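What you see is a predicted model; the values in this text were computed from it and never measured.
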2 protein chains.
Amino acid sequence: MELKEGIPLHKQISDWLKDRIESGTLKQDEKLPSENELSQKFDVSRVTIRRALQTLENEDLIYRCQGLGSFVTDQRSHHSFSILNDFSEELSDTSMTASSKLLSFTQKELTDRNDILSYLDMQNKTHAVEIERIRLGDNQPIAYDITWMPIFYGQLIEGFDLEQYTIFHILEKEFEIPIERGCYRVEATLADEVIAGHLEVEPDTPLLLINRISYTIGDKPVYFQQRYYRNDKIVFELMADRRANPTSGEGNIPLKEFAPVFKKEME
Amino acid sequence: MELKEGIPLHKQISDWLKDRIESGTLKQDEKLPSENELSQKFDVSRVTIRRALQTLENEDLIYRCQGLGSFVTDQRSHHSFSILNDFSEELSDTSMTASSKLLSFTQKELTDRNDILSYLDMQNKTHAVEIERIRLGDNQPIAYDITWMPIFYGQLIEGFDLEQYTIFHILEKEFEIPIERGCYRVEATLADEVIAGHLEVEPDTPLLLINRISYTIGDKPVYFQQRYYRNDKIVFELMADRRANPTSGEGNIPLKEFAPVFKKEME
DNA sequence: AAAAAATACCTGTAATTACAAGTTTATTTC
DNA sequence: GAAATAAACTTGTAATTACAGGTATTTTTT
């Protein structure tokens with residue numbers, strides 16, 4: 001087995017094993033080669049092998065037993081079911097028409113935002129594209145968001161009409177980069193002066209803050225988004241189900257959905 | 001600093017740091033002592049310190065930046081919505097111990113709360129059991145909620161220790177009434193005087209308000225719950241996945257089982 | 001005074017060595 | 001033959017050493 005230069009050995013090895021597990025070459029509960037065998041195979045020290053195996057253990061791809069060996073974890077339990085929407089899809093089921101107002105499209109150095117850099121898995125780079133938008137439904141402000149993207153993805157969408165199309169849409173339809181997974185984080189917050197202005201609400205109005213990291217194939221992060229929703233315009237609904245998935249006819253895998261629900265005007 | 005025998009050094013060190021982070025001695029984004037400082041402090045090698053720090057990094061308690069140091073991650077416990085949980089299950093992933101403080105257990109006539117009556121599918125009846133509780137994690141207030149149940153279900157749980165057991169638990173374990181489905185609604189709101197007092201925060205602090213209707217077999221509503229979460233203690237996370245069910249062996253059809261639900265209310 | 005270089009400090013990677021402690025299998029002893 | 005022992009395997013823990021590479025500050029040069 002040959003390893004490249006420039007990429008950490010332990011990463012190459014864990015990636016190699018990950019491939020083997022995810023492709024099914026190594027099946028469930030199958031024993032991995034021992035640490036000594038692996039270190040001989042790759043001609044690296046046992047410490048490096050252990051570093052690689054620990055990565056897999058942390059990601060719950062393998063489990064290890066002292067005196068026995070390392071084994072492949074049950075793969076099935078990790079996948080979840082739910083829907084991933086972009087903003088226009090969120091609004092598509094309502095009578096409202098979605099649009100956006102582009103406030104800025106700039107390149108920024110995120111030296112003081114290590115959180116974003118780590119979300120986007122940007123090891124050495126600090127430059128990113130920052131996109132600031134107001135989201136409208138029937139020309140009324142519904143949300144305000146800032147999106148950060150690695151330059152690689154940011155340059156792709158440059159020139160496209162972001163007032164008409166979503167990033168999601170451009171990446172998927174124009175460049176065939178599908179967004180496969182998203183991690184949402186929901187909090188409550190208050191509108192500061194700037195955001196209140198954008199959303200046309202009073203300062204200190206409660207807002208829903210949803211942070212989202214979107215990933216494409218291979219769990220590669222594409223963008224990190226911080227979105228403030230007007231609480232009087234939108235709430236989120238989620239169905240959690242303990243019953244079996246009706247389509248698959250399988251066992252008791254919980255179904256879930258995270259769909260926005262729009263409040264009706266009360267005037 | 002002295003370390004015991006019999007317990008792995010790296011574990012003792014990671015536990016010590018974990019304590020320091022969870023107790024708040026080390027605050028959010030605060031820099032940890034450098035690896036060299038720690039190895040001197042505990043009189044162990046840097047490898048051992050790194051082993052301990054990696055544990056914390058895996059548990060998402062710290063993040064590390066090459067050339068800068070290690071820092072404390074956002075402290076708030078974040079947990080997934082994916083399964084249907086009760087409060088103690090929500091906290092079980094954290095190191096906190098869940099308990100409740102029962103404020104009131106009364107019977108009420110909900111003549112002015114048609115919303116609740118319709119959620120609970122109570123056609124002609126207007127009487128319901130109302131339960132008011134404060135939810136604690138490590139004896140600190142994390143949430144405040146009010147639960148309304150039809151008399152039929154409410155009388156069942158009367159007499160049980162609601163400070164120790166959740167309604168969920170009592171219904172399922174004592175009466176074999178399983179909660180099969182839940183509908184959550186997430187909003188942002190402000191703490192009023194009363195709730196602020198219960199949660200020990202300032203009035204007008206932003207809170208996450210989660211309304212939930214829980215159903216048993218046959219889509220029969222069992223209780224409606226209005227819960228206010230302290231935003232500084234808990235945030236909600238959700239993973240959304242577009243990928244097909246790997247077990248079903250199907251194609252990449254995005255799962256769209258449920259349509260968004262609309263809020264129709266008149267206040 | 002501004003730009004470039006040196007430096008001190010930080011985490012990241014990786015080899016080597018040694019021994020501890022589980023698990024299984026083969027061997028010896030009773 | 002059954003039980004105890006030894007051997008051969010596995011992963012776990014931990015020290016030591018060395019250098020790479022990122023970051024920030026200070027010093028030197030221009």
Side-chain angles (χ1 to χ4, degrees), chain A residues 1-17 26 29-58 61-73 109-118 120-127, chain B residues 1-17 26 29-58 61-73:
Chain A
M1 213 56 213
E2 282 167 29
L3 298 176
K4 292 170 201 168
E5 263 184 44
I7 303 158
L9 300 177
H10 69 81
K11 184 162 194 331
Q12 293 184 59
I13 293 163
S14 64
D15 282 347
W16 184 83
L17 285 166
L26 287 164
D29 290 321
E30 195 172 318
K31 190 171 174 295
L32 269 70
S34 77
E35 296 179 357
N36 279 322
E37 284 172 330
L38 286 171
S39 65
Q40 277 173 39
K41 179 186 183 71
F42 289 103
D43 194 32
V44 296
S45 74
R46 206 186 125 212
V47 185
T48 307
I49 295 294
R50 283 184 64 73
R51 181 72 185 73
L53 290 180
Q54 189 164 45
T55 303
L56 300 180
E57 192 181 22
N58 294 334
L61 286 165
I62 63 164
Y63 59 93
R64 297 148 102 183
C65 297
Q66 190 172 353
L68 273 173
S70 303
F71 306 85
V72 178
T73 311
E109 199 170 1
L110 302 176
T111 43
D112 54 339
R113 293 301 298 266
N114 278 313
D115 53 337
I116 298 175
L117 293 177
S118 73
L120 293 178
D121 212 16
M122 292 165 70
Q123 277 87 356
N124 309 322
K125 301 152 203 152
T126 53
H127 280 275
Chain B
M1 213 57 213
E2 283 165 29
L3 297 176
K4 293 169 200 167
E5 264 183 44
I7 304 158
L9 300 176
H10 70 82
K11 183 161 194 333
Q12 294 184 57
I13 292 163
S14 64
D15 282 347
W16 184 83
L17 285 165
L26 287 164
D29 290 320
E30 194 172 319
K31 190 173 171 300
L32 269 70
S34 75
E35 295 179 357
N36 280 320
E37 283 171 330
L38 286 170
S39 66
Q40 277 173 39
K41 180 186 183 69
F42 289 103
D43 195 32
V44 296
S45 75
R46 207 187 125 213
V47 184
T48 308
I49 295 293
R50 283 184 64 73
R51 182 72 184 72
L53 290 180
Q54 190 165 44
T55 303
L56 299 180
E57 193 182 20
N58 293 334
L61 286 165
I62 63 165
Y63 59 93
R64 297 149 101 185
C65 297
Q66 190 172 353
L68 272 172
S70 303
F71 305 86
V72 178
T73 312

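- Atoms CZ and CG, on B/Arg51 and B/Leu56 in that order, are 10.5 Å from each other to the nearest 0.5 Å.
- Looking only at distances, a side-chain donor or acceptor of A/Thr73 sits under 3.5 Å from a matching main-chain atom of A/Leu61.
- Of the inter-residue distances, the one linking B/Leu68 atom CG with B/Ser34 atom OG reads 12.5 Å to the nearest 0.5 angstrom.
- The side-chain heavy atoms of A/Leu9 and A/Gln12, taken from C-beta on, include a pair separated by under 4.5 Å.
- The phosphate of D/dT13 has neither OP1 nor OP2 within less than 4.0 Å of any side-chain N or O from B/Thr48.
- Side-chain contact between B/Leu53 and B/Leu17 is present, with heavy atoms from C-beta onward closer than 4.5 Å.
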Protein heavy-atom contacts under 4.0 Å, written 5' to 3' over nucleotides 4-13 of chain C as B (base), S (sugar-phosphate only) or - (none), form the string ------BBBB
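- For the helix from C/dA1-D/dT30 to C/dC30-D/dG1, the angle separating the two terminal helix axes comes to 20°, with each axis derived from five pairs and the value rounded to 10°.
- Between the OG atom in A/Ser45 and the NE2 atom in A/His10 there is a gap of 11.0 Å [rounded to 0.5 Å].
- Take B/Asp15 and apply the side-chain hydrogen bond (donor to acceptor under 3.5 Å, both in side chains) test, not counting sequence neighbours, and it matches B/Lys11.
- Between B/Val44 and B/Ile13 there is a side-chain heavy-atom pair separated by less than 4.5 Å.
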